[in-house]
Visitor: 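I am attaching a structure below and will ask some questions about it afterwards.
Naming convention: chains lettered A, B, ... in sequence-line order (proteins, then strands); numbering from 1 in each chain. Quick caveat, the model's predicted, so the values are computed rather than measured.
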Amino acid sequence: MPELPEVEIARRSLQTWLKGHEVVRAHAEPVRVFRGAERRDFEKVTGKLMKADRRGKYLMLQFSSGEGALCHLGMTGKFVRRPAGQAEPYSRAQWVLETGEVIHFKDPRMFGRIEPAPNGEVGRLRAIAALGIDPLVDGLEWQQLKDAVGKSKTPLKVALMDQSRVAGLGNIHAAEALFRAGLHPARKPGTLDDAEWKKLTQAIHKSLAFALQAQEGDDEIHYVEEPGTKNPFLIYGRAGKPCQRCKTKVQSMTQGGRTSHFCSHCQPLKPKKGTHR
DNA sequence: TGACCCCTGGCC
DNA sequence: GGCCAGGGGTCA
């Protein structure tokens with residue numbers, strides 16, 4: 001599931017692939033990915049890639065034609081580079097380079113989104129204006145996290161996934177950060193003390209850094225997996241299995257319509273008295 | 001603020 | 001064969 005790190009990798013890949021090249025033709029399939037946007041406008045998104053920015057899980061691309069695009073990978077969206085003439089399953093949009101190579105936006109489930117817009121408007125679209133702090137672009141200090149999330153009345157994990165507060169965390173990295181910080185996903189944000197906000201901020205940066213370094217120069221993230229498992233994460237997707245730290249059985253619960261995984265021992269709901277401050 | 005919906009591959 | 005995954009938009 002693309003969260004901030006995967007989108008950042010996509011951004012870097014596009015920059016690499018398009019550097020020194022030119023999109024000579026853009027084509028969009030008649031699919032949901034384009035939502036309300038004029039699909040035909042995508043065909044104007046050509047030329048050299050001038051700028052590739054990311055904010056949260058959104059990519060903002062600007063081209064020398066003057067036309068750009070706002071892209072969201074959704075759950076299964078991905079940019080791939082293929083040789084000329086090679087069919088790509090689930091390709092929803094294509095950029096053809098002067099070399100004949102094709103950059104496909106593939107997205108089997110079509111939760112992704114592409115919105116063509118003139119360069120000057122790409123960064124001002126409503127979806128972008130609504131985003132909160134991006135931990136990589138803006139940096140994220142613990143006071144900022146406390147300000148953005150601390151007043152929320154929703155469970156901590158739900159608040160962390162609220163893109164208008166912190167932009168870029170999804171179900172996986174929110175769960176990972178909470179585990180690293182030793183915080184229960186159902187804690188009320190208002191009950192965290194400063195030490196816990198500091199821990200959580202560090203944990204967010206660590207979780208994102210882990211994902212970004214796991215990628216190592218390739219065009220997609222290859223998480224390092226524990227031997228014998230298919231799951232590289234500390235807590236995400238480990239329901240019913242022993243916690244990697246304390247061997248307590250990992251719990252799962254539904255929050256905001258998403259599954260949350262946590263360890264009731266490492267992430268107690270009631271903060272331990274006297275261990276902080 | 002929360003429920004519902006979109007969509008389909010993959011897993012049980 | 002059926003259910004689950006889930007980001008984000010929309011609507012009550």
Visitor: Taking any heavy-atom pair under 4.0 Å as a contact, classify A:Arg35: base, sugar-phosphate, or nothing.
Guide: nothing
Visitor: For A:Leu140, is there any backbone N or O sitting under 3.5 Å from a side-chain donor or acceptor partner on A:His205?
Guide: yes
Visitor: Would you call the rings of A:His173 and A:Phe233 parallel, tilted or perpendicular, where under 30° means parallel and over 60° means perpendicular?
Guide: perpendicular
Visitor: Looking only at side-chain atoms of A:Ala127, point me to the closest of B:dT1, C:dG9, C:dG7.
Guide: C:dG9
Visitor: Using a heavy-atom cut-off of under 4.0 Å over every strand shown, decide if A:Thr76 touches base, sugar-phosphate, or nothing.
Guide: nothing
Visitor: Quickly work out the A:Arg92 CZ to B:dT8 P distance and round it to whole Å.
Guide: 7 Å
Visitor: Measure CZ/A:Phe34 against C1'/C:dG9 and give the value in whole Å, please.
Guide: 18 Å
Visitor: When you look at CD of A:Glu43, are more than 12 heavy atoms from neighbouring residues, nucleotides or ligands closer to it than 6.0 Å?
Guide: yes
Visitor: How close or far is atom P of B:dC6 from atom NE2 of A:His72, stated in whole angstroms?
Guide: 19 Å
Visitor: The side chain of A:Gln163 is closest to which nucleotide in this list: B:dT1, C:dG7, C:dG8?
Guide: C:dG8
Visitor: Where does the angle between the aromatic ring planes of A:His261 and A:Tyr236 fall among parallel (under 30°), tilted (30 to 60°) and perpendicular (over 60°)?
Guide: tilted
Visitor: Report which part of the nucleic acid A:Met110 touches: base, sugar-phosphate, or nothing (heavy-atom distance under 4.0 Å, all strands).
Guide: sugar-phosphate
Visitor: Kindly say whether, by distance alone, the side chain of A:Arg258 makes a donor-acceptor pair under 3.5 Å with the base of C:dA5?
Guide: no
Visitor: State whether A:Arg32 places a side-chain N or O below 4.0 Å from either non-bridging phosphate oxygen (OP1 or OP2) of B:dC6.
Guide: no
Visitor: How many whole angstroms separate atom CZ of A:Phe111 from atom C1' of C:dA5?
Guide: 9 Å
Visitor: Would you indicate, yes or no, if C:dA5 has its OP1 or OP2 atom less than 4.0 angstrom from a side-chain nitrogen or oxygen of A:Thr259?
Guide: yes
Visitor: Around A:Arg245, counting heavy atoms of other residues, nucleotides and ligands shown, do more than 12 lie under 6.0 Å from its CZ?
Guide: yes
Visitor: Given C:dT10, is OP1 or OP2 found less than 4.0 Å from the side-chain N or O atoms of A:Arg126?
Guide: yes
Visitor: Starting at CG of A:Asp162 and ending at P of C:dG8, how long is that distance when rounded to a whole Å?
Guide: 10 Å
Visitor: I need the OH-P distance between A:Tyr58 and C:dG7, as an integer number of Å.
Guide: 12 Å
Visitor: How close or far is atom C1' of B:dG10 from atom OH of A:Tyr90, stated in whole angstroms?
Guide: 11 Å
Visitor: Where each residue is assigned the nucleotide of DNA chain B containing its nearest heavy atom, which of A:Lys153 and A:Arg109 is assigned the position nearer the 5′ end?
Guide: A:Lys153
Visitor: Could you tell me how far apart A:Leu59 (CG) and C:dG8 (P) are, to the nearest whole angstrom?
Guide: 12 Å
